[in-house]
Engineer: 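Take a look at the following structure, please.
Just so it is clear, the structure is predicted and the values come from calculations on it, not from any experiment. Order of the sequence lines fixes the chain letters, A, B, ..., with proteins taken first and strands second; residue numbering starts at 1 for each chain.
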Protein chains: 2
Amino acid sequence: MAKGAQTREAIVDTAVEVAFRVGLGGLTIGELARQRQMSKSGLFAHFRSKEALQLAALERARETFVDLVVRPALSAQRGEPRIRELFERWLACARDGSPGGCLFVKAATEFDSQPGALRDRLAQDHQDLFDTAAQVCRSGVSVGQVRRDVDAEQFAHDLYGVMLSFYLAYRLLADPAAETRARAAFEALLAGVRT
Amino acid sequence: MAKGAQTREAIVDTAVEVAFRVGLGGLTIGELARQRQMSKSGLFAHFRSKEALQLAALERARETFVDLVVRPALSAQRGEPRIRELFERWLACARDGSPGGCLFVKAATEFDSQPGALRDRLAQDHQDLFDTAAQVCRSGVSVGQVRRDVDAEQFAHDLYGVMLSFYLAYRLLADPAAETRARAAFEALLAGVRT
DNA sequence: ACCAGAATCGCACGACCGTACGAGGGTGTC
DNA sequence: GACACCCTCGTACGGTCGTGCGATTCTGGT
């Protein structure tokens with residue numbers, strides 16, 4: 001990989017970490033340059049607007065999420081194992097504070113009222129995630145572990161709710177019972193769609 | 001009410017509206033002054049730091065949420081009616097974009113990784129909300145509509161999840177089915193705790 | 001009508017913002 | 001060794017940020 005591309009990757013990594021704390025909107029070229037110990041202009045040259053930087057960070061976050069959560073889940077056995085894998089990976093990514101995966105979800109609330117390229121991209125990505133989760137749910141139908149008349153979109157929706165609720169309790173309230181509750185909610189959800 | 005207090009109230013109202021779009025962190029004294037058509041320094045004098053302004057906005061958001069959601073729910077009949085009232089009011093406040101109520105929830109994700117007075121206050125308020133929701137759930141036990149062995153905290157947690165998931169689908173994705181799904185999730189939740 | 005105090009203003013400050021541009025340094029190819 | 005090209009830098013611009021202060025205007029009680 002060329003030197004420039006390497007630097008760019010490193011910058012984006014740092015951007016994700018910072019944005020994970022202060023939000024994508026709170027990202028600052030100056031602060032980022034400080035952290036990477038390079039000049040503002042040198043850093044800026046890699047992106048050519050702040051929005052491009054934010055989009056790059058968002059994309060990295062999405063990739064991280066896909067690598068850490070979605071892909072491993074999709075390579076698990078169809079049906080319940082796959083559903084469980086999706087949930088467990090997602091939970092782990094939130095719990096261990098892997099910045100990428102978390103940012104991807106966190107940015108959603110930040111930009112839900114700010115029209116623009118970021119919001120559009122975020123909406124697209126989340127729609128994809130919902131579709132994937134629904135598909136995972138349906139994979140359970142084909143192996144007879146999930147009710148044939150299941151509402152897969154509803155399941156995806158509800159699963160997301162469980163995760164969001166976990167994020168909040170775990171990160172804002174630092175509630176030690178957060179994980180237990182998330183698991184309980186997940187099991188209830190699963191019980192509701194099982195054959 | 002003295003003139004000054006009146007102005008302050010108006011400023012805080014505007015602050016809540018703006019923060020609802022750009023986040024509490026995105027609040028700006030200059031922009032606020034522009035919207036209220038007064039000088040930056042004149043506006044600033046009412047608070048004496050930006051953080052105080054943010055805290056004031058957060059408090060107003062909390063009050064709005066309590067007025068619009070919590071109090072009406074608590075004055076409904078114990079048991080299922082009260083639980084339903086809590087859910088419906090909450091849903092309505094999110095759906096109609098009442099800035100106060102929404103901001104209160106939205107700010108939670110914004111500051112979950114930024115230590116400080118805002119985060120602390122937010123955590124306290126959310127804990128209170130959880131406690132209230134749990135209490136509302138328990139009110140159903142006393143009238144025999146909710147299972148005696150219900151985990152009220154879990155219920156509160158799950159209810160929050162349903163709301164968060166609704167926020168996302170409604171605001172980011174503009175999904176027309178969001179409300180229907182939220183209602184379905186709520187009914188499933190309720191069915192799980194009924195006697 | 002007057003006066004005290006509250007409310008608001010104008011102006012200034014240093015810091016940082018995002019962005020632009022040209023100069024210089026490094027590296028790889030002929 | 002010369003050349004081209006990619007990175008990175010310094011410097012600069014106009015703007016906005018949060019905050020402080022003294023001067024001015026407004027308001028309410030006497």
Side-chain angles (χ1 to χ4, degrees), chain A residues 1-60 107 110-111 114-119 121, chain B residues 1-60 107 110-111 114-119 121:
Chain A
M1 176 159 44
K3 176 86 181 306
Q6 228 168 320
T7 309
R8 200 190 131 110
E9 298 292 287
I11 294 173
V12 174
D13 277 342
T14 308
V16 170
E17 273 170 45
V18 174
F20 170 57
R21 269 179 284 130
V22 300
L24 269 178
L27 268 185
T28 268
I29 294 177
E31 172 60 24
L32 225 43
R34 228 165 288 130
Q35 294 227 7
R36 291 239 54 94
Q37 300 191 95
M38 58 187 299
S39 67
K40 262 198 341 173
S41 48
L43 188 146
F44 182 79
H46 286 274
F47 312 87
R48 286 180 332 180
S49 73
K50 183 178 174 177
E51 198 181 38
L53 167 63
Q54 291 172 312
L55 281 168
L58 185 58
E59 187 181 345
R60 170 66 49 89
E110 191 178 351
F111 286 93
Q114 295 184 74
L118 272 165
R119 189 201 132 107
R121 186 67 225 232
Chain B
M1 179 157 46
K3 175 86 184 305
Q6 229 168 318
T7 307
R8 202 189 129 108
E9 298 292 287
I11 294 172
V12 174
D13 278 342
T14 308
V16 169
E17 273 169 45
V18 175
F20 170 56
R21 268 179 285 132
V22 298
L24 269 179
L27 269 184
T28 268
I29 293 177
E31 173 60 25
L32 225 43
R34 228 166 287 129
Q35 294 226 8
R36 291 239 53 95
Q37 299 191 94
M38 57 188 298
S39 66
K40 264 199 336 173
S41 48
L43 188 146
F44 182 79
H46 285 275
F47 314 87
R48 286 179 331 182
S49 74
K50 183 180 175 178
E51 197 180 39
L53 166 64
Q54 291 172 312
L55 280 168
L58 184 58
E59 186 180 345
R60 169 67 48 88
E110 192 178 349
F111 286 92
Q114 295 184 73
L118 272 165
R119 190 203 131 109
R121 185 68 225 232

Engineer: Rounded to the nearest angstrom, tell me the gap between atom CD1 in B:Ile11 and atom C1' in C:dC9.
Structural biologist: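 Those two atoms, CD1 and C1', are 14 Å apart.
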
Engineer: Under 4.0 Å, counting only non-hydrogen atoms across every strand here, what does A:Leu27 touch: a base, just sugar-phosphate, or nothing?
Structural biologist: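 Result for A:Leu27 = sugar-phosphate.
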
Engineer: Check every atom of C:dC17, C:dA7, D:dC9 against the side chain of A:Arg34 and return the nucleotide holding the closest atom.
Structural biologist: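 Out of C:dC17, C:dA7, D:dC9, the nucleotide with an atom closest to A:Arg34's side chain is C:dC17.
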
Engineer: Of all the nucleotides listed (D:dC17, D:dT19, C:dC9), which has the minimum atom distance to the side chain of B:Ile29?
Structural biologist: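 The listed nucleotide nearest to B:Ile29's side chain is D:dT19.
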
Engineer: Expressed in angstrom and rounded to an integer, what is the separation of B:Met38 atom CE from D:dC26 atom P?
Structural biologist: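 Rounded to whole Å, this separation is 14 Å.
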
Engineer: Quick one, which residues of residues 40-50 of chain A touch DNA chain D with a heavy atom under 4.0 Å?
Structural biologist: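 By residue number: A:Ser41, A:Gly42, A:Ala45, A:His46.
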
Engineer: For C:dA7, take OP1 and OP2 only and decide whether either is under 4.0 Å from a side-chain N or O of B:Arg36.
Structural biologist: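 Indeed not, no polar side-chain atom of B:Arg36 lies that close.
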
Engineer: Are side-chain heavy atoms of B:Thr28 and B:Val22 found at a separation under 4.5 Å?
Structural biologist: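 No. Closest side-chain heavy atoms not under 4.5 Å.
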
Engineer: What is the distance from CG of A:Leu32 to P of C:dC17, rounded to the nearest Å?
Structural biologist: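 The answer, rounded to whole Å, is 10 Å.
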
Engineer: Rounded to the nearest 0.5 Å, how far does OG1 of A:Thr7 lie from CG of A:Leu43?
Structural biologist: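 Going from CG on A:Leu43 over to OG1 on A:Thr7, the span is 9.5 Å.
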
Engineer: For C:dA6, does OP1 or OP2 lie under 4.0 Å from any side-chain N or O of B:Arg8?
Structural biologist: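 No, because none of the side-chain N or O atoms of B:Arg8 sits under 4.0 Å from OP1 or OP2 of C:dA6.
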
Engineer: Is any side-chain heavy atom of B:Met38 closer than 4.5 Å to one of B:Ile11?
Structural biologist: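 SC-SC contact between B:Ile11 and B:Met38 confirmed.
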
Engineer: Search all heavy atoms of B:Gln54 against all heavy atoms of B:Leu27 and return the closest pair with its distance.
Structural biologist: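 Reported closest heavy-atom pair: CG-CD1, 4.5 Å.
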
Engineer: Look at the side chain of B:Thr28 and decide which nucleotide, out of C:dC17, D:dG18, D:dT27, has an atom nearest to it.
Structural biologist: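 Out of C:dC17, D:dG18, D:dT27, the nucleotide with an atom closest to B:Thr28's side chain is D:dG18.
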
Engineer: Between A:Glu110 and A:Gly25 (side chain of the first, backbone of the second, donor and acceptor by atom type, cut-off under 3.5 Å), is there such a pair?
Structural biologist: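 Yes; judged by distance alone, with no hydrogens or angles, the pair exists.
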
Engineer: Using every non-hydrogen atom in the two residues, find where A:Gln35 and A:Arg21 come nearest and quote the distance to one decimal.
Structural biologist: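 So the two residues come closest at NE2-NH2, 4.0 Å.
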
Engineer: From C-beta outward on A:Ala2, which listed nucleotide comes closest to its side chain: C:dA7, D:dC7, C:dC17?
Structural biologist: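 Of C:dA7, D:dC7, C:dC17, D:dC7 is nearest to the side chain of A:Ala2.
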
Engineer: Please state how far atom CD in B:Gln6 lies from atom P in D:dT27, giving the value in whole angstrom units.
Structural biologist: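 Whole-Å distance recorded here is 11 Å.
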
Engineer: Using whole Å, what does the distance between atom C1' of nucleotide D:dC6 and atom NZ of A:Lys3 come to?
Structural biologist: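 Value for this atom pair: 10 Å.
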
Engineer: Compare every heavy atom of B:Phe47 with every heavy atom of B:Ala56, then report the nearest pair and how far apart it is.
Structural biologist: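 The pair with the smallest heavy-atom distance is CB-CE2, 4.0 Å.
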
Engineer: Hey, what bend do you get for the helix from C:dA1-D:dT30 to C:dC30-D:dG1 if you fit axes on five pairs at each end, rounded to 10°?
Structural biologist: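 Taking the rotation axis at each end, their angle is 10°.
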
Engineer: Any heavy-atom pair between the side chains of A:Arg8 and A:His46 that's under 4.5 Å?
Structural biologist: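 Side-chain contact under 4.5 Å: yes.
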
Engineer: Would you please test A:Glu9 and A:Arg60 for salt bridge (charged side-chain N to carboxylate O under 4.0 Å, His left out) and show each step?
Structural biologist: CA-CA 9 Å; A:Glu9 298 292 287; A:Arg60 170 66 49 89; 2.9 Å; yes

